Amino acid sequence: MPVYRPDDSVTLPLLEREPELAAAANAVDALCGSKRSGGLLVYRGAAGLGKTALLSEVRRLATGRCAVWSARGGETVTSVPFHVVRQLLQPALTDDGPASEPAGDPTDARELLGERYEIVGPALGIAPPGEQHADPQGVRDGLDALVERLAAVHGRLVLLVDDAQWADLETLAWLTSFAERPAGGVPVLIVVAYRTEEAIGETEWFLQKIGVAAKLLVTLSELTSDATAELARAALGEHADDPFCREVWAVTGGNAYETVELLAKVRDSGLEPAEDFAGELRALGASARGTGLIARLEELGTATTRFAWAAAILGTDISLDLAISLSGMSQEEAAKCAERLRAARILVGTDPLEFVHPLIAGAVYRAIPPGVRTAMHGLAAWAVSRSGRGSAAAAPHLLEVHPDGDPELVEQLREAAAEHLAVGAPDAARRCLERALAEPPLESVRPQVLYELGCATLLTSPATTVGHLRAALDTPRLDEALRVDVVFRLAQALTHNNQTGDAAHVVATEVARAEEGPARMRLQGAHFLWEGVQAIEENGPERSRRLARLADGLAGRDNTERVLLMLRAFDGTARGESAEENVQIGERALIDGRLPPGVGWADTAWGFEPPALLGLSYAFADRLDRAESLFQEGLRAFEISGWSGGHLAFAHALVGYGHRRRGRLADAETYLRESLRLADRVGSGLPMHWDAASMLIDTLLARGHVDKALEAAERHAFAPPYSSSIVIPDAPSVRGRLLLALGRTKEAVVELEAAGQALTARGRHNIVMAPWACDLARAVADDDPRRAAQLASYARDRAERFGTHTAIGVALCCAASLKEGAEKVELLAQAVAHLEASPSAYELAVARVEYGIAAGFPAELACGLELAESCGADGLAERARSAMDARPASR
């Protein structure tokens with residue numbers, strides 16, 4: 001197999017890489033065979049050991065059998081988000097795509113990306129960035145879908161990534177997530193090569209994870225003296241004697257690249273490959289690296305050296321017009337310099353230019369005097385911006401310029417950060433904004449930079465966001481309008497970081513200092529929001545009264561009023577107030593029955609919490625049609641926006657809970673497990689985990705799958721201490737129900753008593769949202785029947801005040817469980833009647849089965865069994881079958 005080197009008239013074998021070559025051949029054969037099996041190969045090792053040559057061999061093996069695209073990281077462009085992904089996939093989406101593309105297949109970028117075009121297109125550089133921040137996980141999911149689509153169009157894909165130690169972190173994050181996906185049907189072979197000594201920090205972490213997922217992970221070693229001698233004779237002729245060949249090995253240390261370069265210089269110089277001339281090898285070898293390479297470069301002249309410096313500053317895929325601008329040459333002079341560098345085997349190509357090897361590029365870059373290098377980065381930033389490529393393209397150079405209090409540079413960095421956020425690269429945005437703070441910005445601009453920095457890290461690091469936003473809040477020249485935005489984002493970040501109490505306190509402080517007006521009204525709305533969703537509250541009833549007084553006079557004239565109405569509807573729901581009145585309050589928050597612009601699921605002014613709370617209010621009011629419509633709208637909004645992290649996880653949880661309330665338990669379980677899978681990609685122990693876990697455990701218990709419910713509880717640490725935010729359904733109530741199902745009654749009683757005390761102290765009495773009272777009544781019925789009766793009476797009273805058929809039916813079932821004979825039968829008959837008028841099929845199935853058993857009605861029992869089976873309530877169905885089987889024996 002030929003070792004790649006420009007202008008090389010001799011092809012040299014790739015030696016001592018037989019296992020690696022065999023693995024590559026097997027991988028390509030598996031990809032191109034009938035099973036179309038993809039995979040991942042990783043080659044790693046020190047610089048110059050033949051990693052690029054191995055990738056070239058993979059390309060040779062795959063060419064003509066499948067589509068092959070390649071990319072290379074660059075030492076000076078590691079901060080450019082999606083730089084390597086763009087190299088890999090842009091050819092498939094532009095007119096420069098593969099000539100072997102099947103006729104008639106869809107190759108238009110919009111057709112390939114579909115609804116993800118606006119999400120993934122900016123990251124790939126084929127669409128302008130939008131105004132909204134792109135979710136990094138959404139972009140990664142979109143890239144996954146694009147690769148799957150390309151594989152379907154082209155049949156099979158080979159993606160080659162060289163010098164991955166210099167790949168941007170966004171590309172590495174995607175490669176890692178793609179590599180860790182479950183094995184199966186996507187016919188894509190990815191081959192990654194990187195230098196171990198250059199992979200540090202997050203890059204090293206990503207590459208290690210990629211290595212773990214690889215079918216083959218190989219650490220390359222230096223060539224032996226025998227292999228070096230074989231290369232020497234292949235390049236110089238069989239007459240090359242042993243002492244000369246041993247000296248080649250001694251000079252190069254078995255480094256494949258240096259060996260090939262040294263042999264080329266020997267051939268070009270006409271040096272006789274004999275022992276008498278072996279002493280000259282060290283001088284020749286030194287000219288291929290380090291100071292020797294730089295000395296050779298300087299011999300080409302000052303102008304050529306300056307042009308090489310310009311190329312090194314620009315990095316990879318070097319645009320000729322930018323190199324000319326940066327070097328300050330005419331086009332004719334630059335062309336002559338480029339030709340000299342090509343002849344010296346330093347550069348290759350015309351436009352774009354490329355260094356022959358990254359070792360050369362690195363040596364030239366590091367040879368530039370530090371002061372000159374910094375100045376050239378400043379010139380490069382100017383040249384890139386002037387060329388129309390934008391601030392984001394100039395950002396790698398802006399980051400290298402020394403801080404000097406330049407307001408224009410601060411603005412360029414802010415513009416670059418905004419573009420990075422729009423393509424789903426918050427870490428790149430963070431680097432730009434941190435550099436802008438170091439400039440430093442003008443005092444009047446500093447709060448805005450801190451706020452933007454906080455927004456940049458909100459999705460990826462709420463804790464970091466809190467620090468930046470607190471700093472913004474403490475700046476003396478903070479504009480009042482911006483201050484409200486900072487406070488709201490700070491409260492959001494605190495809540496996402498499981499510090500809901502702190503969020504409420506921050507907003508309360510701002511409400512106290514704000515003057516009357518729209519800003520104060522918005523802060524009040526935020527205060528009621530974060531107070532209402534915290535798990536522990538000092539004076540819940542008083543807050544509810546204040547909210548009720550404020551909301552009573554609101555007609556929904558603006559979004560702040562509409563949000564307050566949504567919060568009031570949910571607060572009334574949690575308190576167990578009239579469900580019909582809660583629905584009417586919620587309706588005032590809508591425009592023609594729909595969420596108003598600015599308060600939608602994906603709108604950032606208020607966040608997703610208000611529409612979620614409104615949807616839950618509808619769900620518990622037995623208006624599941626409205627709730628399901630809202631939840632599906634949220635799911636769709638997040639999918640369209642490409643928000644594939646916590647937002648999408650929460651939307652799946654809400655849709656799943658809608659199925660749970662409807663009685664479609666198997667569907668509910670599917671959505672809730674998907675919610676937790678999505679949430680796990682974001683982190684652990686976050687509020688979204690608590691909601692999804694509580695909903696899942698509640699659903700599994702309804703299905704009768706107690707072991708699976710316990711497994712879910714243990715996996716997601718569903719135990720005290722609980723989340724700082726409220727959990728739907730109430731977490732201690734659900735845990736108490738789980739403990740009862742496990743037969744751990746004493747523990748269950750303690751858990752349910754604590755839940756009841758905490759909820760009633762806050763004035764929260766919704767027995768469906770927090771089903772502690774009914775379960776506690778059953779738990780203490782044998783030991784303390786009087787207390788059980790009081791609890792059942794409390795549940796029934798609260799259910800009737802709330803007024804939904806579901807709540808009343810559940811309370812009647814609870815009361816019936818404490819009775820015997822005709823009284824029990826009558827209560828269950830009433831429960832069935834109410835639940836038949838509700839949308840809650842599972843609760844109806846429970847009532848029918850219990851009614852059939854208590855009344856001895858086989859027909860009713862059969863109806864209950866059929867309904868239990870259709871709901872997926874396996875445990876209830878088994879109870880019904882057992883009761884039916886037992887009837888003949890009792891006669």
Side-chain angles (χ1 to χ4, degrees), residues 525 528-529 532-533 551 554 556 559-574 579-641 643-644 646-664 667-668 670-672 674-675 678-679 687-688 691-692 694-695 698-699 725-729 766 768-769 802 804 806 838-841:
F528 280 120
L529 170 61
V533 300
L554 301 181
N559 282 347
T560 298
E561 289 194 4
R562 294 175 186 123
V563 167
L564 284 165
L565 289 167
M566 293 178 188
L567 300 181
R568 173 67 182 98
F570 179 77
D571 190 67
T573 299
E580 186 57 37
E581 291 180 12
N582 294 332
V583 168
Q584 290 173 8
I585 292 169
E587 293 292 299
R588 284 163 33 207
L590 305 177
I591 297 177
D592 296 328
R594 299 187 61 82
L595 292 173
V599 194
W601 292 93
D603 291 316
T604 56
W606 283 98
F608 62 83
E609 288 87 356
L613 295 177
L614 178 62
L616 288 167
S617 300
Y618 283 130
F620 289 114
D622 277 1
R623 297 294 300 275
L624 280 175
D625 53 341
R626 299 297 303 278
E628 289 173 326
S629 176
L630 268 176
F631 296 157
Q632 286 290 350
E633 181 183 338
L635 182 62
R636 185 68 176 147
F638 295 147
E639 288 175 340
I640 291 173
S641 300
W643 292 4
S644 294
H647 294 82
L648 190 62
F650 188 58
H652 273 82
L654 291 174
V655 172
Y657 196 57
H659 285 298
R660 161 65 183 93
R661 296 259 48 92
R662 183 74 75 176
R664 296 188 287 256
D667 291 338
T670 298
Y671 273 97
L672 293 168
E674 176 64 7
S675 172
L678 291 169
M688 70 191 81
D691 284 307
S694 189
M695 293 172 182
D698 175 64
T699 300
S725 301
I726 62 169
V727 178
I728 306 294
N766 190 310
V768 180
M769 184 185 296
F802 190 52
T804 66
T806 295
S838 83
S840 305

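The first residue of the sequence shown is numbered 1, and numbering continues consecutively from there. Since the structure is predicted, the reported quantities are computational estimates derived from the model, not experimental observations. Hydrogens, waters and symmetry mates play no part in the numbers below; they use all other heavy atoms, side chains included.
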Q | Ala569 backbone acceptor or donor facing Thr573 side chain under 3.5 Å | A | yes
Q: Working to the nearest 0.5 Å, report the span between CG of Asp571 and CG of Leu529.
A: 11.5 Å
Q: Apply side chain to side chain contact (heavy atoms under 4.5 Å, CB included) to the pair Asn582 and Ser617, showing each step before the final yes or no.
A: CA-CA 7 Å; Asn582 294 332; Ser617 300; 5.6 Å; no
(Q) Within the 4.5 Å heavy-atom criterion, are Leu678 and Met688 side-chain neighbours or not? (A) no
Q. Is there a donor-acceptor pair under 3.5 Å between the side chain of Trp601 and the backbone N or O of Leu630?
A. yes
Q. Counting distance only, does the side-chain N/O of Ser675 pair as donor-acceptor with the main-chain N or O of His652 below 3.5 Å?
A. no
Q | Residue pair Pro687 / Ser725: nearest heavy atoms and the distance that separates them | A | CG-OG, 4.2 Å
Q | Minimum heavy-atom distance between Ser694 and Val727, given as atom pair plus value | A | CB-CG1, 3.5 Å
Q: State, to 0.1 Å, how close Ala579 and Ala621 come at their nearest heavy-atom pair, and which atoms those are.
A: CB-CB, 3.9 Å
Q | Reported CE-to-CZ distance for the pair Met769 and Phe620, which is rounded to 0.5 angstrom | A | 4.5 Å
Q. Taking side chain as C-beta onward, heavy atoms only, is Tyr657 less than 4.5 Å from Leu616?
A. yes
Q: Apply the test side chain to side chain contact (heavy atoms under 4.5 Å, CB included) to residues Arg664 and Tyr671: give CA-CA distance (whole Å), side-chain angles for both, the deciding distance (0.1 Å), then the verdict.
A: CA-CA 11 Å; Arg664 296 188 287 256; Tyr671 273 97; over 6 Å; no
Q | Thr806 vs Pro839 side-chain heavy atoms within contact, under 4.5 Å | A | yes
Q: Sequence neighbours left out, what passes salt bridge (charged side-chain N to carboxylate O under 4.0 Å, His left out) with Glu561? Give chain and number order.
A: Arg557
Q | Partner residues of Gln584 under the side-chain contact (heavy atoms from CB on, under 4.5 Å) criterion, sequence neighbours left out | A | Glu580
Q. Less than 4.5 Å apart, any side-chain heavy atom of Leu635 and any of Phe631?
A. no
Q. How long is the gap from OG1 on Thr560 to CG on Leu554, to the nearest 0.5 Å?
A. 10.0 Å
Q.
Can you list everything that forms a ring pair (Phe, Tyr, Trp, His ring centres under 6.0 Å) with Phe650? Sequence neighbours excluded, please.
A. Phe608
Q | Minimum heavy-atom distance Leu672-Ala692, with the two atoms named | A | CD2-O, 4.2 Å
Q) Within a strict 4.5 Å, meaning less than it, do heavy atoms of the Tyr618 and Val583 side chains meet? A) yes
(Q) Quick one, Ile591 with Arg562, criterion side chain to side chain contact (heavy atoms under 4.5 Å, CB included). Give me CA distance, side-chain angles, the key distance, then yes/no. (A) CA-CA 10 Å; Ile591 297 177; Arg562 294 175 186 123; 3.7 Å; yes
Q) Could you go step by step and tell me if Arg662 and Leu624 meet the side chain to side chain contact (heavy atoms under 4.5 Å, CB included) rule? A) CA-CA 7 Å; Arg662 183 74 75 176; Leu624 280 175; 3.5 Å; yes
Q) What are the two closest non-hydrogen atoms of Ile726 and Asp691, and how far apart are they? A) O-OD1, 4.0 Å
Q | Which residues share a ring pair (Phe, Tyr, Trp, His ring centres under 6.0 Å) with Phe802, sequence neighbours left out | A | none
Q: Kindly write out the residues that satisfy salt bridge (charged side-chain N to carboxylate O under 4.0 Å, His left out) with Glu609, not counting sequence neighbours, or none if the list is empty.
A: none
Q | Donor on one side chain, acceptor on other, Asp622 and Ser838, under 3.5 Å | A | no
Q.
I need the minimum non-hydrogen distance between Pro729 and Met695, along with the two atoms involved.
A. CD-CG, 3.7 Å
Q) Hey, what do you get for CG (Leu613) to CE (Met566), rounding to the nearest 0.5 Å? A) 9.5 Å
(Q) For residues 585-605, which residue pairs pass the salt bridge (charged side-chain N to carboxylate O under 4.0 Å, His left out) check, not counting sequence neighbours? (A) Glu587-Arg626
